[in-house]
Number of protein chains: 2
Amino acid sequence: MASIKDVAAQAGVSVATVSRVLNSHPSVSPDARRRVHAAVEALGYRPNAVARSLRTDQTRTLGLVISDVLNPYFTALARSVEEEARALGYSVIIGNADERPEQQDHHVRTLLDRRIDGLLVSPADGESPLLLDVARAGTPMVFVDRWIPGVDIPVVRADGHRAIQELVAHLYALGHRRLAIIAGPAATTTGNERVEAFREAMRAHGLALPDAYIGQGDFQADSGRRATEHFLSLPDPPEIVFAADNLMALGALDAIRARGLRVPEDIGIAAFDDIPWFVHTGPPITAISQPTGELGRAAVRALVDIVEGRPPQSVTLPAGLVVRSSCGERTSTPGSNE
Amino acid sequence: MASIKDVAAQAGVSVATVSRVLNSHPSVSPDARRRVHAAVEALGYRPNAVARSLRTDQTRTLGLVISDVLNPYFTALARSVEEEARALGYSVIIGNADERPEQQDHHVRTLLDRRIDGLLVSPADGESPLLLDVARAGTPMVFVDRWIPGVDIPVVRADGHRAIQELVAHLYALGHRRLAIIAGPAATTTGNERVEAFREAMRAHGLALPDAYIGQGDFQADSGRRATEHFLSLPDPPEIVFAADNLMALGALDAIRARGLRVPEDIGIAAFDDIPWFVHTGPPITAISQPTGELGRAAVRALVDIVEGRPPQSVTLPAGLVVRSSCGERTSTPGSNE
DNA sequence: ACAAGCCGTGGAATCGATTACACGAGAGAT
DNA sequence: ATCTCTCGTGTAATCGATTCCACGGCTTGT
């Protein structure tokens with residue numbers, strides 16, 4: 001593979017001049033510029049990003065550590081992150097933690113070893129000592145979706161508070177009183193917040209949230225399945241199961257189907273996160289929708305602000321309720337099943 | 001950030017010795033080794049992967065260019081690729097082409113600029129000149145899922161031939177005769193093959209596949225929607241629509257629902273690619289399932305074989321038919337809707 | 001006792017870029 | 001005509017690692 005020296009030789013100039021042309025430094029004669037361009041073309045030369053990074057101490061690369069690639073929510077997030085980063089001249093390296101703190105740390109470490117310019121994280125747990133160190137060390141960093149409390153790092157996320165209130169009000173209006181939730185890990189902020197917001201909304205309607213109606217999940221399908229099985233085996237099972245993310249809703253659906261029960265006649269279901277498939281499940285699922293694209297873009301902008309020395313901004317965007325028919329809504333939507 | 005020099009100074013040895021300890025070269029005294037380890041620990045030193053790559057001319061990084069991150073099939077593929085790569089000591093940088101050749105080329109170029117050790121590609125088109133150049137230049141490369149004919153590059157893919165035959169036989173047995181297909185782009189091998197296999201299977205059953213029953217899609221949901229709308233507006237619409245990937249099946253479902261029609265009573269549906277949501281759609285979708293995990297792992301193994309100088313192996317794995325109830329199957333599966 | 005070999009170690013070259021500094025040539029000022 | 005300034009260019013240092021080579025001190029064989 002041709003190096004800058006080959007280009008210099010071919011163009012009959014020094015490597016310094018080649019470098020100046022490549023970086024469009026003003027002080028190069030038109031003639032030299034022309035010859036360098038010709039040589040670059042002739043040799044199919046492409047600058048070695050590794051060498052460049054070593055010298056300039058910047059990689060123009062951002063690291064993104066997401067909790068789970070199989071979760072369409074994070075996939076959508078990753079896509080908008082990559083898009084915005086590309087628009088700003090950065091690439092993105094994605095690390096998938098699979099909701100496991102060790103794997104998250106592994107990725108953070110390799111990303112740092114590669115000297116990425118900044119880190120976007122959606123922490124799988126609430127207190128990764130490594131992440132704390134990294135933050136203290138001054139690495140440009142932004143939290144997306146989830147965050148770690150007590151660190152001075154910008155956070156870009158959606159606020160589900162109001163949407164959860166709306167959801168509970170909606171369920172109450174439909175006549176449901178026994179509402180259960182499949183929570184995310186207590187170690188994640190989103191895990192906690194969604195339960196808390198749910199509990200508060202219940203209280204506002206004078207409803208109790210007994211411990212038996214709080215299933216402990218980990219944001220993965222299997223845990224949703226287990227929690228739902230447990231709900232269904234209760235002497236007084238809930239009328240509605242609210243899953244704190246879309247994968248646990250998938251698991252809940254699996255459990256319900258395995259019992260031969262029907263949604264929403266036997267039990268209703270709702271989910272945090274809206275995904276395209278929720279329109280076509282049997283029945284379509286009432287869900288809380290996050291502005292994923294805007295979240296990803298805002299996170300990249302905040303991170304690049306830090307990297308380039310501008311003051312970053314934390315962003316909180318509202319989530320919204322999307323009513324469908326999985327909670328016994330009377331609906332005339334074409335194609336719904338009853 | 002501490003460098004190897006700082007470690008050397010702290011340990012009272014030369015950088016050469018530090019490097020030897022780091023790379024577990026045998027010829028270092030136990031005492032020096034101990035002191036270096038202590039210094040590494042004390043300084044929290046981590047080797048700079050950028051510098052190391054420059055010197056050794058290897059990055060221990062693989063590039064993966066996939067056609068669409070929003071497609072659960074590719075997401076699952078990416079996950080298994082990353083997993084296997086990690087097990088073999090490599091990291092993976094994912095580039096998302098969004099089914100757009102220019103974006104694919106952009107990613108290939110940046111990946112190459114970063115001097116990745118090898119490239120895994122699922123080409124968005126059938127003849128990217130860039131990809132051809134890269135292959136000719138001798139960059140270690142493996143095709144996954146899709147490939148470009150006429151280049152001597154290992155291919156790791158699933159063969160849907162037999163599964164499509166089974167599908168058509170299954171549909172025929174159910175009494176269906178008017179079968180339509182939403183094809184992928186003709187520029188992709190998977191796009192072509194699936195239509196060809198379908199056409200052949202139809203012929204084997206003495207069935208015609210009129211042009212009007214071949215919808216041209218691009219593996220994205222919207223095109224599935226448009227093709228299906230067209231099918232439904234035909235004077236003699238098909239009884240079954242077979243989508244060549246899961247996203248186009250999603251689009252087909254959208255179109256059917258928008259018309260207020262019911263699956264499978266009014267029209268049946270089947271898809272290439274099986275995803276977890278197909279169990280819970282209304283009704284559950286009959287699909288062809290690929291061994292995604294094994295595909296990803298085999299692709300990484302083939303690529304690493306090339307990178308490390310061993311002879312690589314092309315791999316073709318069979319896909320299988322998963323019968324559910326979206327084509328009018330009489331079924332007693334609990335929870336199915338009828 | 002001396003030659004030969006091995007072992008642990010450090011010095012220095014190297015990878016491919018960027019960039020501070022020096023220098024010579026030509027333009028403009030006085 | 002001389003001085004100064006600017007402009008285009010090249011030389012060489014530098015980033016942080018790896019690795020070849022040389023060297024001094026021991027062990028081993030004869």
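Reckoned from all heavy atoms, side chains included, excluding hydrogens, waters and symmetry mates. We name chains A, B, ... by the order of the sequence lines, and we start the count at 1 in each one.
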Of B:Glu102, B:His106, B:Arg109, the residue whose pairing with B:Leu130 passes side-chain contact (heavy atoms from CB on, under 4.5 Å):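 Running side-chain contact (heavy atoms from CB on, under 4.5 Å) over B:Glu102, B:His106, B:Arg109 with B:Leu130 returns exactly one hit, B:Arg109.
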5'-most by nearest nucleotide on DNA chain D - A:Ala16 or B:Val15: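 It is A:Ala16, whose closest nucleotide lies nearer the 5' terminus.
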[X] [atom1] - [N] [atom2] separation (whole Å):
| X | N | atom1 | atom2 | value |
| --- | --- | --- | --- | --- |
| B:Arg114 | C:dA17 | CZ | C1' | 15 Å |
| A:Leu22 | C:dT19 | CG | P | 12 Å |
| B:Lys5 | C:dA12 | NZ | C1' | 12 Å |
| B:Leu54 | C:dT18 | CG | C1' | 13 Å |
| B:His25 | C:dG10 | NE2 | P | 13 Å |
| A:Arg33 | D:dG8 | CZ | C1' | 11 Å |
| B:Asp31 | C:dG8 | CG | C1' | 11 Å |
| A:Asn23 | D:dT9 | CG | C1' | 16 Å |

Residue pair A:Pro154 / A:Pro312, side-chain heavy-atom distance below 4.5 Å: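 Contact flag for A:Pro154/A:Pro312 side chains = yes.
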Over all strands shown, is [X] touching base, sugar-phosphate only, or nothing at heavy-atom distances under 4.0 angstrom?
| X | value |
| --- | --- |
| B:Asp57 | nothing |
| B:Val13 | sugar-phosphate |
| A:Ala32 | sugar-phosphate |

Atom pair CD1 (A:Ile66) and CD (A:Gln104), whose distance is rounded to the nearest 0.5 Å: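 With rounding to 0.5 Å, CD1 (A:Ile66) is 11.5 Å from CD (A:Gln104).
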Atom pair CG (A:Leu303) and CG (A:Leu62), whose distance is rounded to the nearest 0.5 Å: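 Here the interatomic distance stands at 4.5 Å.
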Between [X] and [N], does any side-chain N or O lie under 4.0 Å from OP1 or OP2?
| X | N | answer |
| --- | --- | --- |
| B:Thr17 | C:dG10 | yes |
| A:Arg52 | C:dT18 | yes |
| B:Ser29 | C:dT9 | yes |
| A:Asn48 | C:dC15 | no |

Short side-chain to backbone donor-acceptor contact, A:Arg60 and A:Gly89, under 3.5 Å: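 Yes, the answer is positive, given that a donor and an acceptor are paired below the 3.5 Å cut-off.
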Heavy-atom donor-acceptor pair, B:Asn96 side chain to B:Val69 backbone, under 3.5 Å: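 Yes, the answer is positive, given that a donor and an acceptor are paired below the 3.5 Å cut-off.
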Starting the side chain at C-beta, find the nucleotide from [options] nearest to [X].
| X | options | answer |
| --- | --- | --- |
| A:Thr56 | C:dG11, C:dT18, D:dT9 | C:dT18 |
| B:Ile4 | D:dT11, D:dT19, D:dT18 | D:dT18 |
| A:Ser14 | C:dG11, C:dA17, D:dG10 | D:dG10 |
| B:Arg20 | C:dG10, C:dC15, C:dA17 | C:dG10 |
| B:Val28 | D:dT19, D:dT14, C:dT9 | C:dT9 |
| B:Ser3 | D:dG10, C:dT18, D:dG16 | D:dG16 |
| A:Ser19 | C:dT9, C:dG16, C:dT18 | C:dT18 |
| A:Arg55 | D:dA13, C:dC15, C:dT9 | D:dA13 |

